[in-house]
Structure formats: C-alpha cells, structure tokens
Amino acid sequence: MKTQTPNADRSGRAVVEVVDGPIDLAATLDGGQAFRWWPDDAEGQGSYRGVILDRVVRISPSGNDLVVTALDDKPVDQAAGLVSDHVNASATLAAFRRKFGSEPGVCGAILDYPGLRLLRQDPWECLACYLCSSTSSVKRIKQNAEDLAVTLGRKVGPGKGDFEFPSAQAVADAGEQKLRDLKLGFHAKGLAKAAALVAAGDLDLSSLRTLAYDEAKRELLKLEGVGDKIADCVLAFSLDKPQTFPLDTWVRQAVRKRYTLPDRCDDAFIREWAREKFGDFSAIASQFLFYREWVTRGTAG
DNA sequence: TCTACGCCTTACCT
DNA sequence: AAGGTAAGGCGTA
C-alpha cells in the first residue's frame, strides 16, 4: 500500500501531503475516471465529497496538499490514508512532465491541466462502473453508480448520498433483472455475471495488481461485456498498469487530430503506436488526451 | 483472419 | 420535437 501517516487533528481533519502537487480535484476526481465524487463547497471552493470503500470524506485543496475531513464520525487518519492511496498522492509526475512536457501532442493538455492525475481506485467499483460505460455518457454512468449505491449499498454516513458502493455479493444477489430495473440497460447482464464471479471467489481483482499487464488483461477480457477499452480503463485506473492506453471515442479523436497517422488505421494500430510512443506513460498520456478533448467537447486546439 | 455493420438500453442533447 | 449520440462489445455476413 502506498499509504502514509497523515497529520491529524482533533476536529476530524487531516492533511494529506501530495508529491508534485497541487492536485486538480475537478479534473482528477470528476473528470471521467471515477463516477462518485461530487463538488462540495462547504469547505470553500474546489472541494469534493465522496465515499472510498466505507468512509465518507470531503477532500479540500490546501496549497500543494489536501485536507481531508471525515464526515462519518470515524477516525480521520484512516480516511486520510484511503484518500492518499486513492489519489496517488505519493506518485511523482516529474518524469512524465520531463519527457512529454514539450511534446506537441500532449504538452497543451499538460499546461492547461497541470494537476490532472491518475487515480488508484477500488478495482471492483472501477470494473462495475466501466461495465456500465458503453455507449453511455459520464453523466449517466454517474447516475447508474449512484443508483447502485443507494439501492444496494450500505449507508455509511449522514448525507443523502453517503452509501458504500455495493459489494460484488450484493450486486450478484440483486441479479440481472433488478439491475435492469435500475435502468442499467443491456449492461445489466455483464455486471451481474462479473459480480457473481467475484462474489464466488472465481475472480480476485486485487490479485491482478501483482500480475503482468498482459496476464491481467487476459483475465479481464474473459468477462462478458469487457473488451479492450473497458479492460484498459480498469487496468489503468485501479490495477497499477501505467502502460495501458485506454482508447475511446474521445482519445481516438484527439489522437487523429494531434498526430500524423495512416489514414485508415484501426484501433489495434493506434494502441501499438501509443505503446511505442508513451511506454509506461501510456495511461497518463491517454488521460490527458481524453480530458482535454472531453471537457472542451472536442473544440480545443 | 479481416472488415463492416446491426444490435443492444436509456437519457440527454440539439 | 424527432433523431443522433453517449469513456463499447459482440455476433454475423
């Protein structure tokens, strides 16, 4: 674990130190990687409220660091440790900036969004959310995730939306039809099946963190409803695989706009091109390309 | 094997 | 206001 010992006080707050901060919370927590963070300006501008595992927290910017407030009446230092891990607070961005800070395709995004980072999410929640992502929108995926939590998850805090993301067991117990009732559409089937596998212990998502990229991806691709793109998102955003290059409609558009590629190349070609170009910085590069294209709805550059 | 295309849910956008 | 689109995947021709 990449947790650290936070600096806690008695008021339910703790400081999380951030390497190469500050973190852009809007871009990082609410920029299409994760789906259960909401703006919360109770602590001034730029704060976000959400649930990590069973802890309800508010995360606020504080200089280069973060202030974590526990909103669930449990020890703040543990919550701060979860936050530190979730936002990759101890990860350095220096090498990426050094190598690609002047590279024409991504340097604009790096300049415009210097605080964008990769998250390190809970693998089950990450997989479940991306199983709901095909031909959907970030806004609707967030609604799906919220519906799942409120309907199938445990209440873990005082707020209306303070629900734990439901366990694989809880989702498996609900079954496909109930998931369809939650308006998950055709995603319900794949989610129900994945939940059953994880709940039965036939798929240990956390153990994929210690596997090589190809091995881990092979396991994810066995799941119904998981193809290259969704597998890559889970690998990049929750399974410590920085060499993956999630390729969706926005990244594809960004790549075609900002780089010179053969006119009729397919996704496999682009993935291979990205692997050679970005190497172990593929995941973060993809996210910069995605975020700039997505927030500007394709009108940037 | 490779490619193209239809289909799958539903809400939001114009 | 009807039709296209939205962090895709899968089966078939």
Side-chain angles (χ1 to χ4, degrees), chain A residues 26-37 106 109 113 116-119 121 123 125-148 151 171 174-195 197 217-239 241 244-258 262-272 274 282-300:
Chain A
T28 302
L29 293 176
D30 201 14
Q33 288 185 67
F35 304 95
R36 285 203 342 119
W37 291 99
V106 291
Y113 312 106
L116 172 61
R117 297 185 164 231
L118 284 178
L119 290 173
Q121 303 181 53
E125 178 173 340
C126 188
L127 172 63
C129 288
Y130 278 100
L131 271 168
C132 299
S133 70
S134 64
T135 50
S136 188
S137 63
V138 170
K139 180 168 186 173
R140 191 166 163 228
I141 299 165
K142 290 184 74 168
Q143 187 60 54
N144 291 154
E146 206 61 18
D147 290 343
L148 282 169
T151 309
V171 175
E176 179 182 343
Q177 187 53 52
K178 194 159 190 174
L179 299 179
R180 281 186 177 272
D181 295 342
L182 291 178
K183 306 301 183 185
L184 295 195
F186 61 82
H187 310 100
K189 188 175 181 184
L191 179 57
K193 285 196 167 188
L197 278 176
K217 184 164 182 177
R218 195 172 308 144
E219 292 304 308
L220 292 176
L221 289 176
K222 291 177 183 173
L223 299 171
E224 188 173 327
V226 176
D228 279 303
K229 191 272 175 180
I230 290 176
D232 282 341
C233 284
V234 177
L235 291 163
F237 306 147
S238 77
L239 293 176
K241 300 294 182 287
T244 91
F245 190 77
L247 180 57
D248 76 317
T249 120
W250 299 103
V251 175
R252 199 177 295 116
Q253 185 174 313
V255 165
R256 290 190 183 283
K257 179 154 67 178
R258 301 174 190 287
D263 204 20
R264 297 287 299 166
C265 63
D266 61 7
D267 286 354
F269 181 95
I270 297 178
R271 285 194 187 88
E272 176 62 17
S282 294
I284 185 66
S286 167
Q287 195 55 28
F288 271 101
L289 290 169
F290 167 83
Y291 186 70
R292 182 179 174 79
E293 205 68 14
W294 177 73
V295 289
T296 62
R297 298 193 311 280
T299 60

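Order of the sequence lines fixes the chain letters, A, B, ..., with proteins taken first and strands second; residue numbering starts at 1 for each chain.
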Residue set satisfying side-chain hydrogen bond (donor to acceptor under 3.5 Å, both in side chains) with A:Asp232, at least two apart, ordered chain then number -> A:Tyr213, A:Lys217

How long is the line joining CD1 of A:Ile230 and P of C:dA6, in whole Å? 16 Å

If I pick the P atom on C:dA7 and the same atom on B:dT14, what distance separates them, to the nearest angstrom? 13 Å

Is there, by distance only and without an angle test, a donor paired with an acceptor across the side chain of A:Glu293 and the base of C:dA7 below 3.5 Å? no

Contacts of type side-chain hydrogen bond (donor to acceptor under 3.5 Å, both in side chains), residue A:Lys142, not counting sequence neighbours: A:Asp30

Sorted by first residue and then second, give each side chain to side chain donor-acceptor pair (under 3.5 Å) pair with at least one member in residues 288-297 of chain A; sequence neighbours left out. A:Asp112-A:Arg292, A:Gln253-A:Glu293, A:Lys257-A:Glu293

How many whole angstroms separate atom NZ of A:Lys217 from atom C1' of C:dG9? 13 Å

Starting from Watson-Crick (N1-N3 plus N6-O4 or O6-N4) and G-U wobble pairs under 3.5 Å, report the runs of at least three that DNA chain C belongs to. B:3-8 with C:8-13, B:10-14 with C:2-6

A:Tyr130 side chain to A:Gln33 main-chain N or O, any donor-acceptor pair under 3.5 Å? yes

Starting at the 5' end of DNA chain B, which residue's closest nucleotide do you reach first, A:Glu176 or A:Arg264? A:Arg264

Taken to the nearest whole Å, CZ/A:Arg297 to C1'/C:dT5 is 14 Å

Do any side-chain atoms of residues 185-192 of chain A form donor-acceptor pairs under 3.5 angstrom with protein atoms, and if so which ones, sequence neighbours left out?
from	atom 1	to	atom 2	distance (Å)
A:His187	ND1	A:Leu184	O	2.8
A:His187	NE2	A:Ser134	O	2.9
A:His187	NE2	A:Ser134	OG	3.0

Restricting to side-chain hydrogen bond (donor to acceptor under 3.5 Å, both in side chains), what partner residues turn up for A:Lys193, sequence neighbours left out? A:Glu224

Cationic N near anionic O, under 4.0 Å, A:Asp267 to A:Arg252: yes

When rounded to the nearest 0.5 angstrom, what distance separates NZ in A:Lys178 from CG in A:Leu182? 8.0 Å

side-chain contact (heavy atoms from CB on, under 4.5 Å) involving A:Asp263 - partner list, sequence neighbours excluded: none

Considering only heavy atoms from C-beta outward, does the side chain of A:Ser133 approach that of A:Ile230 to under 4.5 Å? yes

For nucleotides B:dT10 and C:dG11, find the distance between their C1' atoms and express it as a whole number of Å. 22 Å

Nearest whole Å is fine: how far is C:dT5 C1' from A:Asp248 CG? 14 Å

When rounded to whole Å, the CG to P distance for the pair A:Leu127 and C:dG8 reads 15 Å

Just to be sure I understand the rule, does A:Gln287 reach a base, reach only the sugar-phosphate, or reach nothing, if contact means heavy atoms closer than 4.0 Å? base

Got a sec, which residues hit salt bridge (charged side-chain N to carboxylate O under 4.0 Å, His left out) with A:Arg218, two or more places apart in sequence or on another chain? A:Glu215

Quick one: list whatever passes side-chain hydrogen bond (donor to acceptor under 3.5 Å, both in side chains) with A:Lys222, sequence neighbours left out. A:Glu219

Length of the line joining A:Leu119:CG and C:dA7:P, which is rounded to integer Å: 17 Å

Measure the distance from NZ on A:Lys193 to P on C:dC10 and round it to the nearest whole Å. 11 Å

Quantified in whole Å, what is the P atom distance between nucleotide B:dG6 and nucleotide C:dG4? 13 Å

Does the ring of A:Phe290 meet both stacking tests against the six-membered base ring of C:dA7: centre distance under 5.5 Å and plane angle under 30°? yes

Taken to the nearest 0.5 Å, the spacing of A:Arg36 CZ from A:Cys129 SG works out to 7.5 Å

Boundaries of the chain A footprint along DNA chain B (any atom under 4.0 Å from a heavy atom): B:dT3 to B:dC13

A:Leu223 CG to C:dC10 P, in whole Å, measures 10 Å

Please work out if A:Phe237 contacts a base, only the sugar-phosphate, or nothing of the nucleic acid, heavy-atom cut-off 4.0 Å. base

Spacing of the P atoms in B:dA11 and C:dG9 (rounded, Å): 22 Å

What residues 129-145 of chain A contributes to the DNA chain B interface at heavy-atom separation below 4.0 Å is A:Thr135, A:Lys139, A:Arg140

From CG (A:Leu239) to OG1 (A:Thr244), nearest 0.5 Å: 9.5 Å

Taken to the nearest 0.5 Å, the spacing of A:Thr28 OG1 from A:Leu118 CG works out to 8.5 Å

So A:Gly32, base contact, sugar-phosphate only, or nothing? Heavy-atom distance under 4.0 Å. base

N/O contacts under 3.5 Å, protein versus nucleotides 11-13 of chain C?
none

